[in-house]
Amino acid sequence: MAEAADSQGMTPSPARRWLRRTAALLVGAPLFAGLLSATAAPAAHAAEDAVGGQSVQVSLDSVAPKAPVKSDTLTISGTVTNKGKQAVTGAHVGLRVGSKLSGRSGIDETAGRTGYAPGTDAAEVADGPTVKFAKLEAGVSQDFTLSVPVSKLGLGEDGVYPLGVSLSGQTPTQQYDQVLGIQRTFLPWQPDAVEGKKSQLTFLWPLISSSHLTAQTGSDAQQTPVFADDSLARDIGPGGRLEQMVSLGKQLPITWVIDPDLLATVDAMTRNYKVKVGDSLVNGTSQDVAKAWLSSLEAAVQGEKVVALPFADPDLASLAHHGRDVPGSLGHLQSATEVAQKTIDTILHVTPSVDYSWPVDGAVDPSIVDVATSAGAHNVIARSDSLRDTLAYSPTATRPIGGGVNAIVADARLSTAFQGDMSMADTSALAEQRFLAQTLSITLQDADKQRSIVVAPQRMPSVSQAQTMSAALHALDPQRWTQPLDLSAAATAKPDPLATTKVPGAGAYPDALRRQELPLDAFQDMKNTQGTLDRFKVILSAPDRVVTPFGNAINREMSTSWRGDSGGAQNYRAGVQLYLDGLADQVHLIQKSTATMSGRSATIAVTVQNKLVQGVDHLVLRLQPKSPTRLQLGEDGDAIGEQPVKVDGDRSQSVKFTAIANANGPVPVTARLYTEDGTPYGEPMEFTVQVSEITPTVMLVIAGGVLLLVLAGIRMYTHRKRSMAREESEGDDDPGQSNGSADADPGQPSDPTPDTGPESGDAPGPGEKVDH
């Protein structure tokens, strides 16, 4: 009725209006409430984001002891910082210990969580320690220390327990107690000696650096080395990265993994060396630092397992993916492996193992395995995030992958535990606790099954990373659930028959790593440099002075340390090639423009200059006229003349050719050096021989002169005969008396001036006249 009345434009009664308003309110109330809720929700979330679980940052700087036993008191120190815009009042820091985590995946899940999660994060320890702050202003930090007997934590059976430290308090907009910040770590709990078998832990301790030596050396007998910079002196000096690696490593149960290039470079610093500063060279001054570092390292490795990487730590993946397409590239890996053992043995007086190869981040595919073992290694250090298993536990590291080759599969979680910035106390402490938690979790996976676990950390740990690794390993010193094992022993451990032995295909290789590889052009540059070196060394009287430094430089061009520095790698390769070209150009022909030949036969001299400090030999100088019918070389009239060349150091030598001209005019001639096997050496040199032969008119004049001389001789001879006849006639009339002597003998004319002059040993210059 009401709807009908309204539709007809009738005015509703007061009772009906009241009913309608009431109904509208009843119907609209939920909508209005929903609208209010929708409006208030973002504000609430905004408030929560501003002052909620992450408004206060909680940092844990230390946990001691890192793996407590029943009688210990656990002490945790750290800092709380108000990152929000509102002050926090009535705040306190409390301790939370959750239930035992379910294996390694439980550790990963807990580590990945952020913010406080009610119902997931445990309640504060009853009657546990707290630190109170009446007020924590915005932007203010406060330190705290919590101490509690382990017996009050309610820990049960052996395992890993989540340990949280939270800050609770109130804000002006939320005046009730709430958790405003939390940080989680792990408490490995194994109070008694492990009942089963301990995990065998192999920790690789790498001594690797970037390239510091250039290919350049001095011309003195010691071949003084030249360094690109003096940064290595800081690394091996007190407090430096490599100094810390040695001083920390000598106290740890580790396997040393050493790049021989680092040793050779530091050894070079123990004597005179030069450092590039701009375009100048200055004397290096860190000899004592270098001697001290080598002495400390030599003492540290005695009796320990030492693994030698190939010289300069070549990038195996780059070789496999690009280098194999360039002939000769794999030969560098072979030479780098051969020199590795000798270098370490000579400098450290220990015999290293060269039976291991270590691709970047342990990432492998079939081509990488092929390259890694091409130089004789039988063990490839891979990583479990590359050679993946689907087992519910962590298998032993070693496994056969075919062809007599073993993969030593390092645990990815443990190997990456110390990456990132460890210079802050909180990140370092969290990394240590997580590492310990993971090792205990591995041991507890199956107490009756002993496993060999390998840790292959980053190649060049920073000082803080090395210190964090050392602290974590020292926490395992009591050997409660692990025992140390060197890499050789780990390589011979019995493989798990269920572990995967299938090497992943090329498509599984990480794109991020592939983008960092040396390109094909890099290996082409190395090939070109090697070709220049091969042509250069055959002419040298002391080739080792060049072959050794440049061979090492080419090895450095393949170094893994160039990843992430493509520009630096390219500059280094260009510098090596440029310097080698400069040395090779020190043996060259002295340029001449023209030579004048004023007779039919003459000697043409070409000068070879050697500015090297050592002599050169096994060279051939070849002279070739462009018109051999007009100018021939040699006594037999050959079209090409050849002479062997041998020049002492810092000397010049003139090489002479006999030339025979058949016509007048200019004749272009090309001179070029060759090695004895016919390979061109250096650039050709072109000059012109200007031939000026004797003309027919001159010949007629000479012939006429000769004829006149002959006729004069005949006349003189006739005159003399007549005189003698007359004297004889008079003698017959008066035989005892002479009326005079015969005409005087005119004598013989002297030999004519020879056609060719003396050969000169002086270097011919531009436009010079050729010796005849």
Side-chain angles (χ1 to χ4, degrees), residues 53-54 56-81 92-131 143-168 179-191 413-414 417-418 422 424-444 468 471-472 475-476 480-481:
Q54 294 302 306
V56 176
Q57 177 181 311
V58 181
S59 301
L60 304 183
D61 297 339
S62 69
V63 178
K66 302 179 189 302
V69 294
K70 293 178 180 178
S71 59
D72 286 331
T73 295
L74 181 66
T75 299
I76 301 173
S77 298
T79 305
V80 290
T81 304
H92 74 275
V93 176
L95 190 63
R96 300 167 184 265
V97 178
S99 302
K100 175 185 170 182
L101 296 173
S102 57
R104 306 189 72 182
S105 59
I107 297 174
D108 294 338
E109 189 276 330
T110 300
R113 286 166 48 202
T114 59
Y116 174 68
T120 301
D121 286 304
E124 289 188 14
V125 175
D127 299 326
T130 60
V131 174
D143 296 333
F144 67 86
T145 298
L146 301 173
S147 294
V148 58
V150 175
S151 58
K152 290 188 175 183
L153 297 180
L155 303 176
E157 60 182 2
D158 295 2
V160 176
Y161 292 80
L163 181 66
V165 176
S166 61
L167 181 133
S168 300
V179 176
L180 299 176
I182 188 170
Q183 182 59 274
R184 301 176 188 84
T185 187
F186 305 97
L187 192 65
W189 176 243
Q190 193 238 348
R413 290 184 179 101
L414 299 179
F418 305 105
M422 296 288 140
M424 303 298 292
D426 59 333
T427 56
S428 177
L430 294 177
E432 293 167 14
Q433 295 303 123
R434 189 172 181 180
F435 178 83
L436 296 173
Q438 291 284 1
T439 56
L440 177 57
S441 183
I442 292 173
T443 302
L444 296 177
T468 305
L476 292 172
R480 291 163 55 193
W481 59 81

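Predicted model only: the values in this text are computed from it and were never measured.
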What side-chain donor-acceptor pairs closer than 3.5 Å can you find for residues 95-105, not counting sequence neighbours?
residue	atom	partner	partner atom	Å
R96	NE	S166	OG	2.7
R96	NH1	A122	O	2.8
R96	NH2	S166	OG	3.4
K100	NZ	E157	OE2	3.1
K100	NZ	D158	O	3.0
R104	NE	Q438	OE1	2.6
R104	NH1	S394	OG	2.8
R104	NH1	D411	OD2	2.8
R104	NH2	D411	OD1	2.9
R104	NH2	D411	OD2	3.4
R104	NH2	Q438	OE1	3.3

Report yes if some heavy atom in the side chain of [X] is under 4.5 Å from a heavy atom in the side chain of [Y]; otherwise report no.
X: L163; Y: L60; answer: no
X: P162; Y: R184; answer: no
X: P68; Y: L187; answer: yes
X: V58; Y: V80; answer: yes
X: S168; Y: E124; answer: yes

What's the shortest heavy-atom distance between [X] and [Y], and which atoms?
X: A472; Y: F435; answer: CB-CD2, 3.8 Å
X: D61; Y: A429; answer: O-CB, 3.6 Å
X: D72; Y: P65; answer: OD2-CG, 3.5 Å
X: T468; Y: S428; answer: OG1-OG, 2.8 Å
X: W481; Y: L440; answer: NE1-N, 3.3 Å

Side chain to side chain contact (heavy atoms under 4.5 Å, CB included) for L180 and Y116? Distances and angles first, verdict last.
CA-CA 8 Å; L180 299 176; Y116 174 68; over 6 Å; no
Please lay out, stage by stage, how R413 and I107 fare under the test side chain to side chain contact (heavy atoms under 4.5 Å, CB included).
CA-CA 11 Å; R413 290 184 179 101; I107 297 174; over 6 Å; no
Going by the rule side-chain contact (heavy atoms from CB on, under 4.5 Å), which residues pair with A111 if we only count those two or more places apart in sequence or in a different chain?
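With sequence neighbours excluded, A111 shows a side-chain contact (heavy atoms from CB on, under 4.5 Å) to F186, R434, given in chain and number order.
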Test side chain to side chain contact (heavy atoms under 4.5 Å, CB included) applied to R113 and T120, step by step:
CA-CA 10 Å; R113 286 166 48 202; T120 301; 3.2 Å; yes
Distance from L167 atom CG to Q183 atom CD, nearest 0.5 Å?
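It comes to 13.0 Å.
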Approximate separation, where rounding is to 0.5 Å, of R480 CZ and L436 CG:
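Spacing of CZ (R480) from CG (L436) equals 9.5 Å.
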Between side-chain atoms of residues 143-156 and protein atoms elsewhere (two or more places apart, or another chain), which donor-acceptor pairs fall under 3.5 Å?
residue	atom	partner	partner atom	Å
D143	OD1	T79	OG1	3.0
T145	OG1	S77	OG	3.3
S147	OG	T75	OG1	3.2

Donor-acceptor contact below 3.5 Å, side chain Q433 vs main chain K66:
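Yes: the side chain of Q433 pairs with the backbone of K66.
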